[in-house]
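The structure appears below as structure tokens.
Chain A is the first sequence line, chain B the second, and so forth, proteins listed ahead of strands; every chain is numbered from 1.
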Number of protein chains: 2
Amino acid sequence: MDYQYIMAYDTVLEALADPTRREIFERLRDGPRPVGKLADGLPVSRPAVSQHLKVLKEAGLVTDRKDGTRRYYGVNREGLDELRAYLDEYWEDVLANFAVHLERDTAAKDKKNDD
Amino acid sequence: MDYQYIMAYDTVLEALADPTRREIFERLRDGPRPVGKLADGLPVSRPAVSQHLKVLKEAGLVTDRKDGTRRYYGVNREGLDELRAYLDEYWEDVLANFAVHLERDTAAKDKKNDD
DNA sequence: ACTAACCGTAAGTAATGGATTACCAATACA
DNA sequence: TGTATTGGTAATCCATTACTTACGGTTAGT
């Protein structure tokens, strides 16, 4: 089986790096929208929006549902999980490491003051 | 006064979209490193690393400290705050909105079953 | 069945961005 | 004071990518 959605945090980062895609993703915040509605008011053409939606979909950030001649795109609620987890983990790591070095530096400083 | 660091979530996303920059950022996870050490083993040249560090710095993700002829780069512990906050907020919004529509749909379904 | 609305894909183009090499400035050290 | 180490910047090149227009396919409605 081949997976259509990736959702790895790096793919998500690359998908959200483009301002137009961020704007589209933003417009999905409060519910699914058809492609036309999403393109409406954007400074780019509708086909461009289709292409962006494809990238967002492959990153696992959105899902689509067909309804007649329209296709509704909505956010995939698990799409951000990996990225959020990665950032949390990274942050924890940095804080922990900072604490270690602060302790070490303090110890070194204390030792220096021993003379 | 002009701010050297931006740290807006969109700038952070654009900075972390590049795989080489992610690798550099990753190498800073457990403490500051000089540029040469960071470039060591990477598939790109040292000047390339310098340029990436500039982007990371302007995004507010890293800070630098000069020590002799070396320049140590380390993670800025507040660098990820905005992005993390944005993702959390977005996620909350999506969940809340999903709940609302689920409720509404359920109500509609109930009404439909009323005949 | 014909027409209109909606959307995805293909092909081509222009712009962005990541890489390189070459160069220069600053510090350390003999 | 010369020489080596370290690293930032400039100029340039090339690959990627974000756009456009043109087209075709599918569904709805008359």
Side-chain angles (χ1 to χ4, degrees), chain A residues 2 4-6 8 10-28 31-76, chain B residues 2 4-6 8 10-28 31-76:
Chain A
D2 49 356
Q4 188 167 2
Y5 306 114
I6 306 293
D10 54 348
T11 313
V12 171
L13 283 172
E14 287 164 23
L16 290 181
D18 182 79
T20 306
R21 278 197 293 270
R22 278 198 300 272
E23 176 63 28
I24 294 173
F25 192 59
E26 198 55 46
R27 286 177 181 214
L28 293 177
R33 300 274 182 278
V35 178
K37 266 271 194 260
L38 289 173
D40 218 45
L42 282 186
V44 297
S45 67
R46 185 198 47 75
V49 173
S50 267
Q51 291 163 8
H52 283 308
L53 284 168
K54 186 180 182 182
V55 174
L56 290 172
K57 183 178 171 181
E58 284 172 354
L61 286 171
V62 303
T63 57
D64 56 332
R65 171 175 51 88
K66 221 185 148 189
D67 181 30
T69 170
R70 298 165 196 267
R71 183 172 289 267
Y72 284 82
Y73 282 86
V75 312
N76 174 20
Chain B
D2 51 354
Q4 188 169 0
Y5 306 115
I6 307 293
D10 54 347
T11 313
V12 171
L13 283 173
E14 287 164 23
L16 291 182
D18 182 77
T20 306
R21 278 197 293 270
R22 277 197 301 273
E23 176 63 27
I24 294 172
F25 192 59
E26 198 57 46
R27 286 176 181 216
L28 293 178
R33 300 274 182 277
V35 179
K37 267 270 194 260
L38 290 173
D40 217 44
L42 281 186
V44 297
S45 67
R46 186 197 47 75
V49 173
S50 266
Q51 291 163 6
H52 284 307
L53 284 168
K54 186 180 182 183
V55 174
L56 290 171
K57 182 178 172 182
E58 284 171 353
L61 286 171
V62 303
T63 57
D64 57 332
R65 173 175 50 88
K66 218 184 150 190
D67 181 30
T69 169
R70 299 164 195 264
R71 183 171 290 266
Y72 284 82
Y73 282 87
V75 312
N76 175 19

What distance do A/Leu56 atom CG and A/Asp18 atom CG have between them, rounded to the nearest 0.5 Å?
-> 9.0 Å

Under 4.0 Å protein heavy-atom contact, by nucleotide of nucleotides 24-30 of chain D - B base, S sugar-phosphate only = --SSS--

Who pairs with B/Glu14 by side chain to side chain donor-acceptor pair (under 3.5 Å), at least two apart in sequence or on another chain?
-> A/Arg22

Residue set satisfying salt bridge (charged side-chain N to carboxylate O under 4.0 Å, His left out) with A/Arg71, at least two apart, ordered chain then number -> A/Asp64

Can you tell me how far the CD atom of B/Gln51 sits from the CG atom of B/Leu53, to the nearest 0.5 Å?
-> 10.0 Å

Is there any side chain to side chain donor-acceptor pair (under 3.5 Å) pair reaching into residues 33-49 of chain A, and which pairs are they, with sequence neighbours excluded?
-> A/Asp30-A/Arg33

Contact class for B/Pro47 (heavy atom, under 4.0 Å): base, sugar-phosphate, or nothing?
-> base

Within the structure shown, what part of the strands sits under 4.0 Å from B/Tyr73 by heavy-atom distance: base, sugar-phosphate, or nothing?
-> sugar-phosphate

If only side-chain N and O atoms of B/Arg71 are considered, is one of them under 4.0 Å from the OP1 or OP2 phosphate oxygen of D/dG8?
-> yes

Rounding to a whole Å, what distance do you find between B/Arg65:CZ and D/dT6:P?
-> 16 Å

Of the options A/Asp10, A/Val12, A/Leu13, A/Leu16, which is the one that meets B/Leu16 in a side-chain contact (heavy atoms from CB on, under 4.5 Å)?
-> A/Leu13

Reference residue A/Ile24; test side-chain contact (heavy atoms from CB on, under 4.5 Å); the match among A/Leu42, A/Val35, A/Val44 = A/Leu42

Please report the shortest heavy-atom distance between A/Pro34 and A/Tyr72, naming the atom on each side.
-> CD-CE2, 3.5 Å

Closest non-hydrogen atom pair between B/Arg65 and B/Pro32, with its separation = NH2-CB, 4.5 Å

Would you say the side chain of A/Val75 lies within less than 4.5 Å of the side chain of A/Leu61, judging by non-hydrogen atoms?
-> no

Check the distance between D/dT6's C1' and B/Arg70's CZ and give it to me in whole angstrom.
-> 8 Å

Find every protein N or O atom lying less than 3.5 Å from an N or O atom of nucleotides 15-19 of chain D, and list the pairs.
unit_1, atom_1, unit_2, atom_2, d
D/dA18, OP2, A/Arg21, NH1, 3.0
D/dA18, O5', A/Asp18, OD1, 3.4
D/dC19, OP1, A/Thr20, OG1, 3.2
D/dC19, OP2, A/His52, NE2, 2.0

The first and last nucleotides of DNA chain C lying within contact of chain B, meaning any atom under 4.0 Å from one of its heavy atoms, run from C/dG18 to C/dA28

Can you sort out the partners of B/Tyr73 under ring-ring contact (aromatic ring centres under 6.0 Å, His included), two or more places apart, ordered by chain and number?
-> none

